[in-house]
Amino acid sequence: MKLESHFNLDYTLSCGQVFRWGKANGWWYGIVDGSILKVRQEGDELHFSAYPEDVEDEFIKSYFRLDDDLTNILRIINKDATINKAIQQFNGLRIVRQSVWDCLISYVCATNASIAIIESMLRNLSEMFGDEIVVNGKAFFSFPKVKKLAKASVNKIKLCNVGYRARFLSEIAKQVENNPNLLEELRNSDYLKLRDELRSLPGVGPKVADCVSLFAFDKLEAFPIDVWIRRVIYQIKGAAIPRTKDGTEKPLTVSEYTELSSFARRHYGKFAGYAQEYLFYYIRSKDR
DNA sequence: CATCGACCTTG
DNA sequence: AAGGTCGAT
């Protein structure tokens, strides 16, 4: 497929927004909605195939948000020296359009865990509760379906090394099982309403709700704040992070979250979520 | 509202 | 410590 506007597959899949992609022999392999996707970029050509069934160009365009006017978005969010550097360095990074269920479960797992651990948890859940898909003799496992997870006991879910998150996953799965439209009917809500509705789910606080709003509900103004983004924001504001007496960073409170998050929306505008992704990748690659 | 500890597991 | 959230005070 010929790319009509600028895009960088490596940045897009490496920046930390998705957990089920890996690169091998120059190809990216990902598990998306029960399909195994194999993707490679060569300049303005995007090569891809899918198993067990092929996918249309439209699916790929939608998944990688190739219809977003990235040039315009980057121009709008380019409001300070830090984001400017991030944009220079990672130009072409796009937000991936994830499916709601996978995204929600993934980010509930992501709380208080490192990326390596998150990937391991999602792999374990898929191997235990997903469907096996064999491609070229290699086994992949699709993401667990709602019903499968709803039927599973908390103890069995815990076998996936998800720890205390098991009861959240179980409870969320049961709620969605009892009300299959629960998540999709939120699509009509505006961002603030959606965020509050998501927050009513167990294990979903402001950060997870913002991630799901941004990655799965097209709310590009959502600006998820984690420990990394918090550090950049204070840097951009020219202020110091609140610290305890022993010098460590104070935990982020809900009111501080709200304040920083609305600052970011005022500062970057309606595409603040894009700014968040660029800043997140930038600060993490800089500080390691 | 603000503060605090607990929470599973692993690198 | 790691891309937080919950419940109690």
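Just so it is clear, the structure is predicted and the values come from calculations on it, not from any experiment. In what follows, every heavy atom counts, from backbone to side chain, and hydrogens, waters and symmetry copies are set aside. By convention in this document, chain letters (A, B, ...) are assigned in the order of the sequence lines, proteins followed by strands, and residues within each chain are numbered from 1.
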Worksheet, complete the sentence: When A:G203 and A:I229 are each assigned the nearest nucleotide of DNA chain C, the 5'-most assignment goes to A:I229

Fill in: hbond_proxy A:Y107 side chain to C:dG4 base (donor-acceptor, 3.5 Å cutoff)
no

Discussion item. Stem list for DNA chain C, please, built from Watson-Crick and G-U wobble pairs under 3.5 Å and keeping only runs of at least 3.
Written reply: B:2-7 with C:4-9

Worksheet item: NA contact type, A:N161, heavy-atom cut-off 4.0 Å: base, sugar-phosphate, or nothing?
Response: sugar-phosphate

Discussion item. Before you tell me yes or no, could you show the steps for A:L149 and A:S170 under side chain to side chain contact (heavy atoms under 4.5 Å, CB included), namely the whole-Å CA-CA distance, both residues' side-chain angles and the distance that decides it to 0.1 Å?
Written reply: CA-CA 6 Å; A:L149 211 50; A:S170 171; over 6 Å; no

Discussion item. Taking any heavy-atom pair under 4.0 Å as a contact, classify A:Q276: base, sugar-phosphate, or nothing.
Written reply: base

Practice prompt. Would you kindly say whether A:D210 and A:Y191 are connected by a side-chain donor-acceptor distance under 3.5 Å?
Written response: yes

Discussion item. Does A:V208 reach a base, just sugar-phosphate, or nothing at all? Heavy atoms under 4.0 Å.
Written reply: sugar-phosphate

Discussion item. Under 4.0 Å, heavy atoms only, any strand: does A:I157 hit a base, just the sugar-phosphate, or nothing?
Written reply: nothing

Item to complete: Return the orientation label for the A:W21 and A:Y63 ring planes: parallel under 30°, perpendicular over 60°, tilted otherwise.
Response: tilted

Worksheet item: When all nucleic acid strands are considered with a 4.0 Å heavy-atom cut-off, which category describes A:I115: base, sugar-phosphate, or nothing?
Response: base

Fill in: Earlier contact from the 5' end, DNA chain C, for A:V204 and A:E277
A:E277

Discussion item. Over 60° means perpendicular and under 30° means parallel, so tell me whether A:F263 and A:H267 are parallel, tilted or perpendicular.
Written reply: parallel

Worksheet item: Using atom P of each nucleotide, how far apart are B:dC8 and C:dG7 to the nearest Å?
Response: 13 Å

Discussion item. Whether the side chain of A:N84 engages the backbone of A:D80 through a donor-acceptor N/O pair (distance < 3.5 Å, no angle test) should be reported.
Written reply: no

